[in-house]
Amino acid sequence: MPNTDVALAFGVIVKIGQGLSSLDVVNAAKDYRDKLSNLKNAHEFSLFNSSDVEIVDVQGRVVSPGLIDMHSHVGAGSIPGFSGEEDTNEMAGGPTNPQLKILDSINPLDKAIDLIAMGGVTTSLVMPGSGTLMGGEGIAIKMLKTSSNSADDLSLNLGMASDSSDGKLWRWMKMACGENPKRVFSSKGMMPGSRMGSGWLFRQRLDEAKTLRDSQDNWCEAANILDQKFKGKAYKYVAQEFPIDLSNESLVSLLRNNVRLQVHCYQVNDLDMMIRNSREFSFPITAFHHATEAHLLASKLAHENISVAIFADHSLYKREAYKHSVRAGQILSSAGAKVAYKSDHPVLNAQHLVYEAQKSAHYGLDEDLAFMAVTSIPADRIGAGWRIGRISEGYDADVLIWNRPPLSLGAHPLRVIIDGYTINSLPLLQTEPSQPAPVPGVTPSLPAPHTHVHTYTIANISGIYTKPGEILKGSLIVENGLVACIGPKCSAKGTLFDLQGGVVIPGLIGAAVPLGLEEIGMEDSTTDGNAGTENALAGLVSAKDGLRVGGGGKLLEYAWRSGVLTGIAAPTGSGVVQGISVAFRTAAQKYSDAILKSDVALHISIGDYAKGKSISSQLAHLRSWLAAPKAETPFSDVVSGKLPLVATVHDPNDISKLLGIVSSVAPKARLVLAGATGAWVVADEIAKAKVPVLLLPPRCQQETWETRWCRPYGTSSQSTYEILASAGVKVLFSVREPDQIRSLLFEAGWGTVGDSESTGTVNAMDAVGVVTWNVADAFGLDEGVGRIVVGKRASFVGLDGGPVGFVYRIQILADGSEVTTQPLQD
């Protein structure tokens with residue numbers, strides 16, 4: 001509704017219309033107050049005058065309902081992630097614990113509540129974890145801290161009438177299928193160790209609840225008969241007390257349809273098993289969560305009125321997540337099933353819940369449905385769609401004012417209002433950046449990926465990002481896999497591809513991600529395994545020896561189809577020294593065609609992650625390895641400057657120590673800081689040392705003690721990237737979760753967009769640089785990698801505009817003589 005006014009009072013939306021005056025707000029508030037049938041707290045509804053009305057001119061910006069996260073663990077595992085505050089799972093009581101309540105775990109002082117609210121999430125369904133088959137009851141909370149410092153006062157149901165006269169007092173429960181409970185209890189020699197065991201334990205416990213419910217019903221029926229016969233003396237003839245079993249009370253409430261059941265299930269066999277249980281014991285399933293194979297049962301779920309709460313594109317972390325599709329939202333919605341996107345905070349940072357909707361729209365879901373998937377749909381499915389999830393009169397005053405349309409790159413709320421309270425307010429100074437519409441797609445379209453084309457021309461290019469500070473126009477010609485000509489004076493040769501005004505950027509570089517070294521993170525058979533520090537120190541561990549390409553693996557498909565044409569993979573390990581990384585072509589189908597540089601950099605870790613040794617011991621050993629490196633070991637090449645030293649380190653104190661050690665004992669060493677959550681604190685020191693920084697990930701989360709230095713986005717202060725870049729530090733970006741490699745260009749835009757009180761526009765040159773030439777320079781790759789250079793190997797990406805933004809899509813990939821048009825993600 002354009003040009004619309006929204007009036008808030010008494011914690012609700014009291015009026016929506018055009019041209020509302022202050023007096024209209026006063027009158028609407030009075031009308032609302034008069035409609036309240038039972039005004040228990042009159043002091044909270046004091047009438048006010050026109051002069052008391054605050055008018056906020058949003059200058060044409062989007063105003064939306066607050067976001068609703070249908071799956072979160074906020075408060076149950078508070079930041080910065082101390083083990084003493086991890087209360088998400090109770091696994092000491094066996095595999096079925098429906099009687100537990102996550103409310104007993106929620107820390108109302110969790111800093112994450114404030115940070116998540118700043119991202120626009122106003123309501124979260126907080127649930128137990130998935131380590132057990134029945135984890136217990138969840139609770140829906142408003143992300144609004146109160147002066148009482150009590151978790152009870154966060155409840156969405158707070159203040160609602162016990163007789164449900166103002167809405168049903170829903171309860172929520174979490175169950176889980178599949179790998180997690182199997183893994184936990186099989187390791188203890190307990191059932192379930194298989195899906196058969198899980199199915200039986202579900203039925204066994206549900207049958208107990210059914211027996212209890214039936215005995216309660218029988219008792220009530222008998223009591224009613226006695227009451228009719230003996231009236232006030234019926235109690236003398238009741239043979240037994242009302243049957244009560246607290247351990248099954250929650251399940252009985254589920255069987256009585258007073259609980260909205262949320263089930264953590266991924267695979268089709270798990271989904272089917274739970275549907276069979278729901279039919280056998282006559283209970284409803286509200287939603288399957290994660291549900292990476294739900295799109296394969298879309299019609300069935302729609303028929304059963306079961307919704308799904310999924311990630312937009314997070315997958316590959318374990319087998320049951322492997323068959324996820326980025327088009328799951330479209331498939332399910334088309335079949336009539338309701339789709340919500342969730343964070344599973346802290347698995348994904350709930351502060352950026354809208355990012356899930358943004359990505360789903362990029363991959364083809366209708367934009368209205370994408371935004372509904374984080375607003376009205378989860379509101380409806382948690383049973384609160386009558387009061388949250390929409391901008392409507394009488395609804396809770398949970399309102400967001402966006403800096404730009406919420407499904408566009410860099411969108412975050414400038415003002416967050418929850419129950420009428422403004423909890424975050426940034427100046428309305430940012431102007432919405434212009435975003436040209438995509439141009440038509442490339443022509444012609446090739447019939448298959450990796451088509452070998454000896455000579456080809458990409459014509460009609462509006463912008464060719466060749467290197468830092470240079471954007472050319474015209475054409476690109478490739479002959480025998482090498483760039484032969486760039487610019488307006490090139491004469492077309494060979495096969496002609498018309499980009500119709502699109503742009504071309506260098507192939508992206510995925511740095512310090514285990515591309516080619518793993519496929520499914522939790523399946524050891526698909527990984528290279530962990531490197532031992534002693535072997536790595538001796539120079540025996542090199543990623544080139546563990547690299548595997550081709551074979552239809554999804555992770556490398558994700559990479560090259562998203563324009564990440566070069567991977568820099570480092571061995572993984574929990575010690576100080578991990579080993580030597582390799583640079584390779586992600587689209588290569590054979591090992592012999594893959595390697596671009598066999599020995600790229602030596603990778604080490606300093607800090608909590610490498611605490612087989614104390615941090616002081618880690619640094620002491622590093623000092624000795626650099627001061628007196630043994631010949632034929634990686635450190636001899638580091639000291640000579642032959643190999644860069646990539647150090648994953650987060651704490652700014654440790655960064656300062658590391659800079660001092662390297663400068664004093666190995667002045668020729670080429671240090672690269674990775675991770676680097678706290679690098680902004682010592683930006684001047686890093687700039688002085690001329691050390692590049694790999695932000696991994698660029699949008700961090702304060703999830704551990706070491707990463708408490710993380711600067712959240714959307715605070716009006718400068719971002720980590722802005723501080724480092726302003727100090728003169730060369731910044732590079734990568735992703736932490738391997739499957740997120742396909743979002744690398746999105747992350748480049750997100751991370752470089754202005755987050756302070758500036759215009760908040762994306763600098764495309766900076767965004768391209770942090771994932772191309774900056775990476776190539778820091779890791780010492782060939783001039784043809786991360787740049788587009790005449791005489792060098794062709795490695796570039798053509799898009800239908802941008803190049804940075806969710807509305808733009810890849811039209812052509814050039815990898816030497818191999819060309820792919822309009823690649824699709826799975």
Side-chain angles (χ1 to χ4, degrees), residues 62 64-65 67-71 119-121 266 287-302 305-315 321 323-344 348 350 352-381 385 389-390 400 402 404-411 435 437-438 441 558 561-562 739-740 742-743 745-747 749-750 799-802 804-811 822-826:
V62 172
S64 81
L67 308 183
I68 298 164
D69 191 354
M70 200 169 163
H71 186 136
V121 176
Y266 286 78
F288 284 124
H289 290 240
H290 302 305
T292 47
E293 296 184 14
H295 62 285
L296 303 176
L297 291 178
S299 297
K300 187 172 191 176
L301 297 182
N305 191 29
I306 300 174
S307 60
V308 298
I310 58 177
F311 298 126
D313 63 351
H314 189 29
S315 61
K323 293 185 180 180
H324 172 78
S325 170
V326 294
R327 280 174 288 282
Q330 296 165 262
I331 296 169
L332 287 157
S333 297
S334 296
K338 299 296 184 183
V339 177
Y341 291 104
K342 43 79 177 175
S343 72
D344 195 11
L348 298 184
H352 302 303
L353 177 63
V354 73
Y355 187 31
E356 296 303 292
Q358 292 166 343
K359 289 186 289 186
S360 71
H362 170 80
Y363 289 119
L365 183 62
D366 175 81
E367 288 193 357
D368 288 339
L369 284 176
F371 197 62
M372 289 168 60
V374 290
T375 52
S376 59
I377 290 176
D380 292 341
R381 301 309 288 174
R390 295 170 175 85
L400 311 178
W402 293 86
R404 63 194 68 187
L407 295 185
S408 59
L409 189 72
Q435 183 171 263
Y558 287 179
R561 286 178 181 271
S562 63
D739 67 290
Q740 293 302 295
R742 58 182 165 189
S743 297
L745 189 57
F746 300 154
E747 291 290 350
W750 256 104
L799 301 100
D800 56 5
V804 182
F806 292 114
V807 299
Y808 306 117
R809 290 169 174 79
I810 294 175
Q811 297 298 311
Q822 298 173 326
L824 295 176
Q825 286 290 341
D826 179 18

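- Inter-residue side-chain proximity for H314 and D739 is flagged as met; some heavy-atom pair is nearer than 4.5 Å.
- Shown here for Y341 and S360, the closest heavy-atom pair between the two residues is OH-CB, 3.2 Å.
- Interatomic distance, R381 CZ to M70 CE, rounded to the nearest 0.5 Å: 6.5 Å.
- Judged by distance alone, with hydrogens and angles left aside, the side-chain atoms of E356 form a donor-acceptor pair with the main-chain N or O of A312 at under 3.5 Å.
- In this structure, K323 places its NZ atom where only 12 or fewer heavy-atom neighbours from other residues, nucleotides or ligands lie under 6.0 Å away.
- Counting non-hydrogen atoms of other residues, nucleotides and ligands closer than 6.0 Å to CD of E367 gives a total of 12 or fewer.
- Taking CG of D800 as the start and OH of Y808 as the end, the distance is 8.0 Å to the nearest 0.5 Å.
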Begin with the C-alpha distance, continue with both residues' side-chain angles, and end with the deciding distance and a verdict on side chain to side chain contact (heavy atoms under 4.5 Å, CB included) for R390 and D380.
-> CA-CA 10 Å; R390 295 170 175 85; D380 292 341; 2.9 Å; yes

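- The number of heavy-atom neighbours closer than 6.0 Å to NZ of K359, taken from other residues, nucleotides and ligands shown, is above 12.
- R809 is linked by a side-chain hydrogen bond (donor to acceptor under 3.5 Å, both in side chains) to nothing, counting only residues two or more places apart in sequence or in another chain.
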Working for side chain to side chain contact (heavy atoms under 4.5 Å, CB included), residues L799 and L745 | CA-CA 12 Å; L799 301 100; L745 189 57; 4.1 Å; yes

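- Note: L296 CG to L301 CG = 10.0 Å, rounded to the nearest 0.5 Å.
- A side-chain contact (heavy atoms from CB on, under 4.5 Å) with S333 is found for one member of D366, L369, I377 and no other, namely L369.
- Taking all atoms of both residues into account, the shortest heavy-atom contact from R327 to D826 is NH2-CA, 3.7 Å.
- Summarising the geometry of R561 relative to P823, their closest heavy-atom pair is O-CG, 3.6 Å, with the distance given to 0.1 Å.
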Show your working on side-chain hydrogen bond (donor to acceptor under 3.5 Å, both in side chains) between S743 and D313 and close with a plain yes or no.
-> CA-CA 9 Å; S743 297; D313 63 351; 3.1 Å; yes

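- Using cut-offs of 30° and 60° for the angle between ring planes, the F746 and H362 rings count as perpendicular.
- Residues passing the side-chain hydrogen bond (donor to acceptor under 3.5 Å, both in side chains) test with D344 are H71, H73, sequence neighbours excluded.
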Go through the steps for F288 and I306 under the test side chain to side chain contact (heavy atoms under 4.5 Å, CB included), then give the verdict.
-> CA-CA 7 Å; F288 284 124; I306 300 174; 3.6 Å; yes

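- Rounding to the nearest 0.5 angstrom, the gap separating the OG atom in S325 from the CD1 atom in I310 is 9.0 Å.
- When all heavy atoms are compared, the tightest approach of S299 to A335 is N-CB, 4.0 Å.
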Chi angles and distances behind the side chain to side chain contact (heavy atoms under 4.5 Å, CB included) call for F371, V62 | CA-CA 12 Å; F371 197 62; V62 172; over 6 Å; no

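- In this structure, CG on L353 lies 10.0 Å from OG1 on T375, to the nearest 0.5 angstrom.
- Of all heavy-atom pairs between F311 and H324, the closest is O-CE1, 3.2 Å.
- In this structure, Q825 and Y558 approach most closely via the heavy-atom pair NE2-O, 3.0 Å.
- Atoms CG and CG, on L297 and L332 in that order, are 9.5 Å from each other to the nearest 0.5 Å.
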